[in-house]
Amino acid sequence: MPFNRRQMLQLMTSLAVTTACPAMAWEPESPVELELLHAMPGQDAYFRQVAEAFTAKNPKIRIRFRASPANYPEAHQSILRAAITNKLPDIYHSAWIYFEEAVRQLKKRNAICDVTDLFKAEGDAWAQENYYQSMIDIGTVDGRLYALPFAASTPVFFYNADLVKAAGGDPDNFPTEWEEIIRLGSAIKKLGNADGISFDVEVWPDDWLWQTLILEQGGSLMDKDGKHCGFNNDFGLNAMRLCRRIVTEGGMTMRDYEQSRQQFVAGKIGIIASSPNAARAFTDLVGSKFKLGCQIYPRMNKDHGRLPTGGNGGMILTKDPIKQRAAWEYLKFACGPEGQKIAVLGSGYMPTNKLAEKPEYLGDFYKKNPLWYTPIKQIPFAMGWQGYTGNNGFRIWTKQRDIIGLVMRGSITPEEGVRQIVSATESLF
């Protein structure tokens, strides 16, 4: 981003202080207010708690929140529009699914801060103490860092342990294979008072669950040539067949995504695929109605299957160098052990910071609440969220989910579903 001479001197001074003494506290000469945008109103509470805890330690820096878009796709579209009108927030938490696309579009308008030098200025010891390299890689595009990891998740299954037991299953040894899960879902449905499984891939706000069905087999969204889908093969066919079987054999009723969550906490669904960030809401809403369980996601290919990492990372979009430095201080806190403790306990996401797993932050909590620890078991299988060639990720998913829905309803065969989804996807590259 271009700076005038005064702004450049201010930024160089702040960087020099950081380089000379990474542990030294930094504060602006005058109060700074930063505007922040994140998706999903349901996440407002813990975002605000993180901001309040940060300001308590940094009283000259305050965070003001923009109204939260309903979901990640809407947030992504709002940022692209804001870039055109020059009305961007100072900090934006981009979903990993749209992260690379957002970086490339914002770079074209010189509207995003490359934080590589800020990160390096903190020192190698600080970086190694706080972050797994895989977490930093997720926030990197073309070798440059554009986001610190704030939230990370891999899909899990929550389940009603009472219904599982009533259906003849073992709540303490919930299955980790698709065949067994489908059989258990069928048995729950036969009890007569609840659906078996909810796997709402066809109404999910983004392609996370669909992508998971491909990656868990060891597949990829794109071919190596970058010009064709990576699921015009058995990966795609297996995924489509499984989607249909979950409905016909697993006892799933197709409904709206939010309705499924409501039915689950009401005890009307036995098993639900979800992000671990539902842990807090499910725990609070279920209360004592039934025993809540959580299990890792059932990968089809145990050797090569991987799970896409959901969640978001904090970007700096302001062009003002002092605000950039203040925003960096905020992101260090939010993505540090204190901020992560607040965010994880308020959501259920996996911590993105190594230090957050220490006993004084989340370690003791995980020992007492193993349900919340489930997604951490999947870190060895986690990978970055894949995208497609071009900048039509949102449009591609709106086309894909309609076709997946037709397969799940039985309106078209899985084979026809693969043909249609490949055609619709490649037409938008």
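All values derive from a computational prediction rather than experimental measurement. All values below come from the heavy atoms of this structure, side chains included, with hydrogens, waters and symmetry mates left out.
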So, [X] and [Y]: side-chain donor and acceptor under 3.5 Å apart, yes or no?
X	Y	answer
Asp124	Gln128	no
Glu216	Tyr297	yes
Gln43	Ser347	no
Asp223	His228	no
Glu101	Gln105	no
Asp114	Thr116	yes

Does a side-chain heavy-atom distance below 4.5 Å link [X] with [Y]?
X	Y	answer
Leu215	Phe381	no
Asp207	Leu221	yes
Leu37	Pro69	yes
Leu362	Pro337	no
Phe65	His38	yes
Tyr131	Pro149	yes
Trp328	Leu148	yes
Arg104	Lys108	no

Give me the atom names and distance for the closest heavy-atom approach of [X] to [Y].
X	Y	value
Ala53	Ile342	CB-CD1, 3.7 Å
Ala147	Val115	N-CG2, 4.3 Å
Arg255	Glu202	O-OE2, 4.1 Å
Asp402	Thr398	OD2-O, 3.3 Å
Pro89	Leu317	O-CB, 3.3 Å
Gly314	Leu331	O-CD1, 3.4 Å

Does [Y] offer a backbone N or O that forms a donor-acceptor pair with the side chain of [X] under 3.5 Å?
X	Y	result
Glu27	Asn58	no
Thr55	Ile61	yes
Asn369	Leu371	no
Tyr159	Pro171	yes
Arg409	Gly405	yes
Gln378	Pro155	yes
Trp385	Pro308	no
Gln217	Leu213	yes
Gln340	Thr352	yes
Asp90	Glu35	yes

| query | Taking it one step at a time, do Leu285 and Phe264 satisfy side-chain contact (heavy atoms from CB on, under 4.5 Å)? | reply | CA-CA 10 Å; Leu285 293 171; Phe264 177 72; over 6 Å; no
Distance (rounded to the nearest 0.5 Å) between [X] [atom1] and [Y] [atom2]:
X	Y	atom1	atom2	result
Glu338	Lys57	CD	NZ	3.0 Å
Ile112	Tyr92	CD1	OH	10.5 Å
Leu36	Ile316	CG	CD1	11.0 Å
Lys107	Arg144	NZ	CZ	9.0 Å
Phe365	Trp372	CZ	CH2	4.5 Å
Leu237	Arg419	CG	CZ	14.0 Å

| request: Taking the six-membered ring for Trp and the single ring otherwise, decide whether the centroids of Phe150 and Trp96 are under 6.0 Å apart. | output: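 Phe150 vs Trp96: aromatic centres not under 6.0 Å.
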| message | For Phe199 and Trp204, I'd like to know if the aromatic rings sit close, meaning centre-to-centre distance below 6.0 Å. | response | no
Can you confirm whether [X] is buried at [atom1], in the sense that more than 12 heavy atoms of other residues, nucleotides or ligands lie under 6.0 Å from that atom?
X	atom1	value
Lys354	NZ	yes
Arg62	CZ	no
Lys302	NZ	yes
Arg395	CZ	no
Lys87	NZ	no
Asp256	CG	yes

| Who pairs with Phe231 by ring-ring contact (aromatic ring centres under 6.0 Å, His included), at least two apart in sequence or on another chain? | Trp210
| query | Where does the angle between the aromatic ring planes of Trp178 and Phe157 fall among parallel (under 30°), tilted (30 to 60°) and perpendicular (over 60°)? | reply | perpendicular
| said: For Tyr98 and His76, take the angle between the two ring planes, folded into 0 to 90°, and tell me which bin it lands in: parallel under 30, tilted 30 to 60, perpendicular over 60. | reply: parallel
| field | Pair Met315-Leu106, side-chain contact (heavy atoms from CB on, under 4.5 Å): steps then yes or no | value | CA-CA 11 Å; Met315 296 175 164; Leu106 291 169; 4.3 Å; yes
| task | Step by step, work out the side-chain contact (heavy atoms from CB on, under 4.5 Å) result for Tyr366 and Val344. | result | CA-CA 11 Å; Tyr366 284 138; Val344 169; 3.5 Å; yes
| Please, which pairs that meet side-chain hydrogen bond (donor to acceptor under 3.5 Å, both in side chains) have at least one residue in residues 258-287, sequence neighbours excluded? |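 Sorted pair list: Ser198-Ser260, Asp200-Ser260, Ser275-Asn277, Asn277-Tyr349, Arg280-Asp284.
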| Hey, are Glu52 and Arg48 close enough for a salt bridge, meaning a charged N less than 4.0 Å from a carboxylate O? |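 Looking at Glu52 and Arg48, the cut-off is not met.
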| Hey, is Glu329 close enough to Arg325 for a salt bridge, meaning N to O under 4.0 Å? | yes
| task | Give the C-alpha distance, both sets of side-chain angles, the deciding distance and a yes or no for side-chain contact (heavy atoms from CB on, under 4.5 Å) between Phe333 and Val50. | result | CA-CA 8 Å; Phe333 179 87; Val50 171; 4.3 Å; yes
| said: Walk me through whether Glu122 and Lys332 qualify under salt bridge (Lys or Arg N to Asp or Glu O under 4.0 Å). | reply: CA-CA 10 Å; Glu122 299 292 339; Lys332 282 197 302 177; 2.9 Å; yes
